Chemist: 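Structure below; questions to follow.
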Amino acid sequence: MSSSTTGLFAGLLLALIAATAGFGWFLLAILFAAAGYVVGAHLEGRINLAGLVPGRNRG
């Protein structure tokens, strides 16, 4: 299983805990799942998030 898939499942698991109170929490669950996928994909090297961090230019 890839890191991005593992991140997606971790985000969904955290979101499941938060999603027990209605539609607003369901939207938060989707946000958690997306964040987990993005972090996993970054750790796997499929996407590069270095451009989002200001002041980290080399050269």
Side-chain angles (χ1 to χ4, degrees):
M1 186 175 336
S2 68
S3 295
S4 56
T5 306
T6 303
L8 176 64
F9 284 131
L12 284 173
L13 182 61
L14 290 173
L16 183 63
I17 295 168
T20 59
F23 184 71
W25 292 104
F26 175 72
L27 294 177
L28 185 63
I30 293 173
L31 180 68
F32 282 152
Y37 181 80
V38 168
V39 168
H42 175 71
L43 292 174
E44 193 175 58
R46 292 173 46 187
I47 61 173
N48 186 6
L49 299 177
L52 298 177
V53 180
R56 301 285 291 190
N57 295 335
R58 296 181 184 193

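Model, not experiment: these values are computed from the prediction.
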Chemist: Establish whether Leu43 and Tyr37 are linked, either directly or via other cluster members, by ILVMFWY side-chain heavy-atom contacts under 4.5 Å.
Modeler: no
Chemist: Can you run down the salt bridge (charged side-chain N to carboxylate O under 4.0 Å, His left out) pairs that involve residues 25-43, sequence neighbours left out, and say none if there aren't any?
Modeler: none
Chemist: Where do Ser4 and Ala41 come nearest, in terms of heavy atoms and distance?
Modeler: CB-N, 3.6 Å
Chemist: What distance do Glu44 atom CD and Thr6 atom OG1 have between them, rounded to the nearest 0.5 Å?
Modeler: 8.5 Å
